[in-house]
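The structure under discussion appears below in the form of structure tokens.
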Amino acid sequence: MDNFAYAGERFADIQILRYQIRDFDTLSLRQKCYVYCLSKATLYGRDITFDQFGKHNLRIRRLLEAVYVNFKDRVHSDEFDALEVYLKRVWFSSGIHHHYGCEKFLPSFSETFLRGLIYETDVNVLPLHDGESVEDMIDELFPVIFNPEIFPKRVNKNNGDDLVLTSSCNYYEGVTQQEVEEFYAAKRTDDKRQPSWGLNSTLVKDEGGLKELVWKREGRYGRAIEQIVYWLKRAEEYVENDSQRKVISLLVDYYESGSLDIFDRYSVEWVKLHEGQIDFINGFIEVYGDPLGIKASWEGIVEIKDLVATKRTAIISDNAQWFEDHSPVDSRFRKKVVKGVTANVVQAAMLGGDEYPSTAIGINLPNADWIRADYGSKSVTISNLTEAYDLAAKGNGFREEFVIDNYTKELIDRWGHLCDDLHTDLHECLGHGSGQLLDGVSPDALQAYGSTIEEARADLYGLYYIADPKLLELGLLTSPEAYKANYYTYLMNGLMTQLVRIQPGHQIEEAHMRNRAMIAHWILEHYGQAVELIRQDGKTFARINDYEQLRMGFAELLAEVQRIKSEGDLSAARQIVERYAVAVDENLHEEVLTRYSKLKIAPYKGFLNPRMLLVKDDSGNVVDVKLDYTESYTEQMLRYSHEYAAL
Ligand code: ZN
């Protein structure tokens with residue numbers, strides 16, 4: 001394969017990528033079996049997510065799959081291609097609404113076309129209810145698929161609407177927003193440790209009034225949950241330690257009982273669990289899919305600790321005091337005793353439910369506020385997904401368009417990803433924890449400017465140290481030139497390319513984006529000999545003339561930003577943010593947007609999972625687990641629909 005990350009699938013606004021589980025072959029057989037069983041538990045939740053995202057989604061998927069499989073080798077037409085794209089989108093979104101924007105996407109084939117194919121398909125493979133005719137099914141599903149007025153939004157958060165009635169997510173049946181709010185208000189008490197009421201149930205109304213259909217083994221979604229429980233129990237046989245056993249057994253108890261108190265006990269044990277190399281998330285977790293933020297969508301992920309990255313973050317963390325003592329800030333603002341944190345870096349081994357194919361690259365859980373307050377949270381970044389994004393970026397034309405010359409582009413291709421990771425590590429493990437406030441300064445002194453200043457402080461710490469010879473000495477980098485890749489992309493992004501995420505006519509709002517703009521524009525103004533924006537062939541480029549001087553610039557700005565923070569100097573914070581971080585140069589913005597749109601880069605990406613295959617000896621004993629990366633998007637989706645059809 002030319003570029004591993006490319007899975008060769010591009011449709012609508014989506015690019016499908018592959019990730020690689022680098023550390024898989026270093027695992028013991030027992031660990032591999034643990035991952036295998038947890039992965040099965042991850043994949044069996046898929047149908048739950050489809051159903052949660054809309055009550056007709058599963059039937060629509062099955063109908064389209066039946067027709068697609070029946071005709072894919074026989075029919076070749078634009079309309080059939082359109083049907084294929086639509087089905088791919090349904091797979092990607094776990095339903096008929098856009099996975100990100102939540103609006104319904106419409107097919108570009110006709111009702112007549114689909115109807116014709118359905119009537120030529122064997123009724124036995126169509127998803128008919130008992131006694132239902134094909135025409136009845138069509139009457140029920142076609143308006144849902146084709147009529148833009150019906151179920152226009154999965155999650156409607158438009159102020160003033162009845163959010164429950166106008167959202168087509170499948171968490172409520174026959175109830176209004178007010179009824180839902182009253183129902184849950186009545187449950188809440190003053191107890192800080194009360195459970196997340198309503199998290200794992202559908203709220204319905206019948207003759208007896210409102211009631212919850214709880215998602216548990218003998219309740220709603222029971223058949224899928226039964227499979228999940230089965231594979232969790234199988235996984236229990238291969239745990240790496242007793243803490244994992246305890247976590248799994250609490251999760252099984254929760255799935256069996258539906259008790260939210262047990263879910264909280266499980267979450268507490270899960271957040272405390274740090275031993276072992278393998279971890280997972282499996283359950284009803286995030287509430288973004290419910291306009292009221294009560295009901296959780298099902299998701300699953302299996303993680304393997306990234307040993308190389310963890311070694312890197314441990315080295316950084318072990319040397320935290322050295323970094324603090326040598327930082328270019330006034331010694332009054334340095335911490336006398338500093339403790340680094342080791343970032344948790346993992347590799348994804350399986351993605352499922354609401355995390356598949358579109359997924360987060362960093363996760364911080366649990367969500368319950370009281371557990372976070374009492375026990376903290378566990379946060380991970382997923383290195384093999386960021387690596388796949390980086391690989392994909394190498395082939396999409398972005399660097400060719402925006403990086404000034406081949407020398408710089410090669411530098412970035414070679415060192416960009418490693419340096420980005422290192423910069424993130426320095427930012428997270430040291431930057432945020434560095435420095436101290438002077439006595440009497442409130443942590444909130446910088447008010448609305450606080451988060452931009454704080455992010456800038458951590459970023460500058462990373463920028464200053466990524467060019468330090470200490471990193472070579474510690475073995476974290478092998479080339480004294482590598483940091484230049486990071487300097488170039490950082491400034492290019494802050495000065496120009498991050499503007500692709502801003503609508504024309506808008507200013508920069510988000511704290512991380514403001515911080516990058518602030519650093520880049522401050523440097524441009526104060527170190528104009530070291531970096532400049534130039535015009536070449538009618539286009540604007542960032543040009544770096546002197547990398548060493550740039551580092552001095554970052555040091556100077558770090559000292560000033562730390563002073564602002566340590567002294568709580570609100571007026572200086574306001575001044576520097578308002579001056580450098582907010583405004584957008586309209587002409588440059590338009591130019592960047594135009595150049596970017598020509599690249600036709602898919603704005604959304606998702607991932608295929610590897611396929612895990614058991615290798616058995618002649619007596620049927622499992623002797624290995626092999627990974628296969630050759631499956632296509634369509635093959636994987638059809639296989640999942642078949643193998644993990646639980647509902
Ligand atoms: Zn940060």
Side-chain angles (χ1 to χ4, degrees), residues 306 309-310 312-314 316-317 320 323-324 327-329 333-335 338-346 360-365 372 376-383 385-386 389-390 416-437 443-468 471 476 483 486-487 489-491 493-494 498 501 508-523 554-555 557-566 568 573 576-577 580-582:
D306 184 325
T310 305
R312 198 176 65 215
T313 57
I316 290 172
S317 181
F323 287 104
E324 186 72 359
S327 96
V329 311
F333 308 142
R334 284 190 208 134
K335 265 207 180 93
V338 64
K339 219 175 150 297
V341 292
T342 302
N344 294 298
V345 186
V346 300
I361 52 171
I363 296 177
N364 189 328
L365 289 173
R372 295 171 81 90
S377 64
K378 202 150 71 177
S379 98
V380 296
T381 54
I382 309 173
S383 62
L385 303 185
T386 58
Y389 278 124
D390 179 70
H417 180 59
L418 175 63
C419 284
D420 283 352
D421 280 355
L422 255 180
H423 183 263
T424 306
D425 297 340
L426 291 164
H427 174 118
E428 301 291 349
C429 303
L430 302 180
H432 281 307
S434 72
Q436 62 179 3
L437 301 179
D444 303 323
L446 303 180
Q447 300 176 11
Y449 301 102
S451 50
T452 299
I453 292 294
E454 177 56 20
E455 289 311 320
R457 205 172 66 85
D459 259 2
L460 286 162
Y461 207 92
L463 287 163
Y464 177 72
Y465 275 121
I466 200 157
D468 201 289
L471 297 195
L476 296 168
Y483 78 93
N486 191 250
Y487 277 19
T489 48
Y490 194 93
L491 291 173
N493 191 33
Q498 71 166 351
R501 291 158 65 191
I508 305 176
E509 307 276 352
E510 198 272 328
H512 293 82
M513 291 182 74
R514 281 190 166 186
N515 130 54
R516 288 179 214 120
M518 182 185 109
I519 292 173
H521 286 283
W522 186 94
I523 289 284
F554 292 135
L557 185 55
L558 174 57
E560 171 61 3
V561 164
Q562 182 63 57
R563 183 199 66 75
I564 292 173
K565 170 103 182 176
S566 290
I576 196 168
V577 172
Y580 298 105
V582 181

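Read the numbers this way: they start at 1 and go in the same order the structure lists the ligands and their atoms. Heavy-atom basis, side chains included; hydrogens, waters and symmetry copies ignored. Starting from 1, each residue takes its place in the sequence as its number.
Nearest N, O or S atom of E455 to the Zn ion (ligand 1): atom OE1.
The Zn ion (ligand 1) has no N, O or S atom of E454 closer than 2.8 Å. Contact annotation: H512 places no N, O or S atom under 2.8 Å from the Zn ion (ligand 1).
If you check the side chains of N515 and T452, you find no donor sitting under 3.5 Å from an acceptor. Side-chain contact of D425 with T313: a donor-acceptor pair under 3.5 Å is absent, judged by distance alone.
With rounding to the nearest 0.5 angstrom, the OH atom of Y389 is 9.5 Å from the CD1 atom of I382.
The side chain to side chain contact (heavy atoms under 4.5 Å, CB included) search around Q436 returns K335, K336, not counting sequence neighbours.
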